[in-house]
Number of protein chains: 2
Amino acid sequence: MEANYTISIVDKKKSRLKRGILKEMYRLGSRTLAQLAKALHASVPSVTMLIDELASESWVQEIGTGVAQYGRKPALFGLRPGNQAIVVIDISVHDIKLVVFDLTNRVLDRLDVNLRLEDSVAFLEALQGPLEEVAQRIQEKQLKIIGVGCALPGLVDPRTGINYTYKKLNRPEQSLRQLLAESFDAPVYLLNDTKATILGEHRFGLAKGKNHVLSINIDWGVGLGVINNGEILQGLAGFAGELGHIQLQADGELCTCGKVGCLDTLTSASSLIRRVKAGLREGRVSKLAEENFEDIDVELVIDKARAGDELAIDLLTELGNELGKGLSIAVHLFNPELIIVNGVVGKAERLITRPIEQAIDKYCLADFRTKLVIAVSRLGEMAKLCGTQAYVVQCLLDHEEIP
Amino acid sequence: MEANYTISIVDKKKSRLKRGILKEMYRLGSRTLAQLAKALHASVPSVTMLIDELASESWVQEIGTGVAQYGRKPALFGLRPGNQAIVVIDISVHDIKLVVFDLTNRVLDRLDVNLRLEDSVAFLEALQGPLEEVAQRIQEKQLKIIGVGCALPGLVDPRTGINYTYKKLNRPEQSLRQLLAESFDAPVYLLNDTKATILGEHRFGLAKGKNHVLSINIDWGVGLGVINNGEILQGLAGFAGELGHIQLQADGELCTCGKVGCLDTLTSASSLIRRVKAGLREGRVSKLAEENFEDIDVELVIDKARAGDELAIDLLTELGNELGKGLSIAVHLFNPELIIVNGVVGKAERLITRPIEQAIDKYCLADFRTKLVIAVSRLGEMAKLCGTQAYVVQCLLDHEEIP
DNA sequence: GGATATTTTTAAAATAATTTATTAATAGTG
DNA sequence: CACTATTAATAAATTATTTTAAAAATATCC
């Protein structure tokens, strides 16, 4: 057997340990030799050697000295900033964001594009320009692209990158995945946007350290993200967490999905606006009546609610109640310790969390809510972006290759 | 520093590798040296040495020779049968089963007790006799008890063993967990019965090799078990999968939980019997009218349905439809590839799976059901028993100590 | 039915990792 | 401000593990 064909066990073990070091550093920032040795079940001299190698490969560097309550202070090692680039593309129905991260979660570059997601070939073509621009800028900065992540709405199978909702993005001649791979010449990972958000919250936000968390995002529909045992819940094909299309009203409205009385028809942003307008038409007193009818959007409704507008508060309460009712199902099925409210409605703070809490109190068994907390995200749009980046890093480091 | 206080890295590593070998063997039966070496990322000589040690400690033994398409046939090693004992206690509202397993899933002993679970101190006292008897028999057979597992209904926190539904079992003076620990002098693991069942199906039944599975069990209530990514879904406190108490009818019946219109009120065994009797009172034609009113139970209804009785078939169809409606929520949230029907209603075969399928077709988005299969368990009561045993073995081997 | 190719197993040599011992660094103490 | 207790990092010695090589076993081919 030729020597080239056999990769020795030692090599593989070493590579696994190196990836382990990188994982620890990514997760916890800076680490001492002793901490790494403990985490990897290896001795300090071994870790020292591995760190030396990783440093010469410019993955890690000494960051400073740590604290010790008594003796000599340990040296701290961490990932080297500004070296490796991870490209994150956040595609939404409103706009597109392209953000370049390094391994220390620093933003190296950013490009926002006023392009709306639609299920067409034209969309992919329109995307090409911005992608090239970002690729160009990365090249100028002489960064090494190690991975590309893309968060987008719809039913996305992360194993194949196929989007079952926006089918035009999967054409074999020119798929979104291919387009990204060609633009950046690096491994590409696609992910549903809600799942990216909850991952961001788990790694960098309120859910940090918590292993059973739900996140809810109200936009065109209701998006539910689930962290179970510290991992994103994906299900067989990445469709898990589809709360928006469970039936809450047998005699409800027709949903875009073709079914009747879906949660989406009750609690989406568009349904809120619809109700506001209906309320105004009925002649209900509200500051919103002063606004241009066409300009009324969720943000405006929330602003008015915060200012004390009764109609806005009532309708927001109603939305929260419906949402809480739907969430209480998820609470029974996932038994979480925390629910995070993301997106625009989060700006309503207590005005949305309180009705949700109330509904959960009403519809959940007592044992499920004793330790349950409901909170509004502090990360905003960064949750999705950082989450996508974290997903890419996780995929890269779980894969057998790399350093 | 004294030598006794430091456990060397080598020792820990060796112990981890040994546990890894036992895990592989438990999961896959018999393994060759090469297979183990690959799975453990170690060399063949290393594994040979570990196997020798495990053999001298009477954990494993040579089982025979494997197949090879060309050269020398490999020796197969496997767990040694009839040596270590795992005691499984299956507590249900009908009766209690005490089964002694070895590590190869062989039943070494069994005792069925006609005792009904109730939330009282008397129940624990009544349990003492049977426990002692089984402990006695194990001692006579000179088996070494390595773990005790107990599956029981209710909201069970597997970390603490506290049952939040049957609260009298948790008294600090005499809890179920303590009772079991004292009876068998081994680590005790408590687990919700539905979760034990799905684990059994995953390790030994239809769900083997499938990573995203639901199992449904209709008894006094509806029990949903979830396998996500090959692991039991527990949630924060082990309450996850509580499908029975989500509201399906806002104006429905009052449930035992105090809420209204729960799935349990529509699809439990007792509700089926109630409907059968109501149908008979209304004068509907049925073979069931010939039976003694008091003797009518689920099994009888299913027998008659299989014999073609219209009333029985209609009501079973209705039950399946309601159940399917509830399940379609779970399908949206978990995106499974398989749903297994357990328990008595499983005996109805197609008469229950077809209505469930129909409801899922109606209430689920198309992409969720393309790869979804619905099937009736082939394991029967052994699913729960073997599942509990598997859970104990998993807990023992994941723990840091042992061999 | 013997030669060959393939695979497993064992033994010896080579390498890698851990331990132990030593040196370096730092905060508290008298 | 030296001294001690404590912790970290490094170097040398020791122990484990892997590699390499060789032997044993067996199915296929001619």
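In what follows, chains are A, B, ... by sequence order, proteins preceding strands, each numbered from 1.
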Seminar exercise, completed: By nearest-heavy-atom nucleotide on DNA chain C, the more 5' of Leu17(A) and Val44(B) is Val44(B)

Seminar exercise, completed: Here the distance between atom C1' of dA16(D) and atom CG of Leu50(B), to the nearest Å, is 11 Å

Between the protein and nucleotides 26-30 of chain D, list the N/O to N/O atom pairs that are separated by less than 3.5 angstrom.
| residue | atom | partner | partner atom | Å |
| --- | --- | --- | --- | --- |
| dA27(D) | OP1 | Lys73(B) | NZ | 2.7 |
| dA27(D) | O4' | Tyr70(B) | O | 2.8 |

Exercise. Taking only residues two or more places apart in sequence, or in another chain, which ones meet Asp157(A) in a salt bridge (Lys or Arg N to Asp or Glu O under 4.0 Å)?
Worked result: Arg159(A)

Seminar exercise, completed: Against the side chain of Leu33(A), the closest entry in dA9(D), dT9(C), dT17(D) is dA9(D)

Problem set entry | Arg27(A): side chain to side chain contact (heavy atoms under 4.5 Å, CB included) partners, not counting sequence neighbours | Glu24(A)

Exercise. Thr48(A) or Val47(B): which one's nearest nucleotide on DNA chain D is closer to the 5' end?
Worked result: Thr48(A)

For this session: Could you work out which one of dA16(C), dA16(D), dA11(D) sits closest to the side chain of Val10(B)?
Result: dA16(D)

Problem set entry | side chain to side chain donor-acceptor pair (under 3.5 Å), paired with His41(B), selected from Lys12(A), Arg16(A), Lys13(A) | Arg16(A)

For this session: Could you tell me which residues satisfy salt bridge (Lys or Arg N to Asp or Glu O under 4.0 Å) with Arg72(A), sequence neighbours excluded, listed by chain and number?
Result: none

Seminar exercise, completed: Hits for salt bridge (Lys or Arg N to Asp or Glu O under 4.0 Å) against Lys38(A), two or more places apart or cross-chain, chain-then-number order -> none

For this session: List for me each residue that meets salt bridge (Lys or Arg N to Asp or Glu O under 4.0 Å) alongside Glu182(B), sequence neighbours excluded, and say none if there are none.
Result: none

Exercise. When you check the phosphate oxygens OP1 and OP2 of dT19(C), does a side-chain N or O of Ser8(B) lie under 4.0 Å from one of them?
Worked result: yes

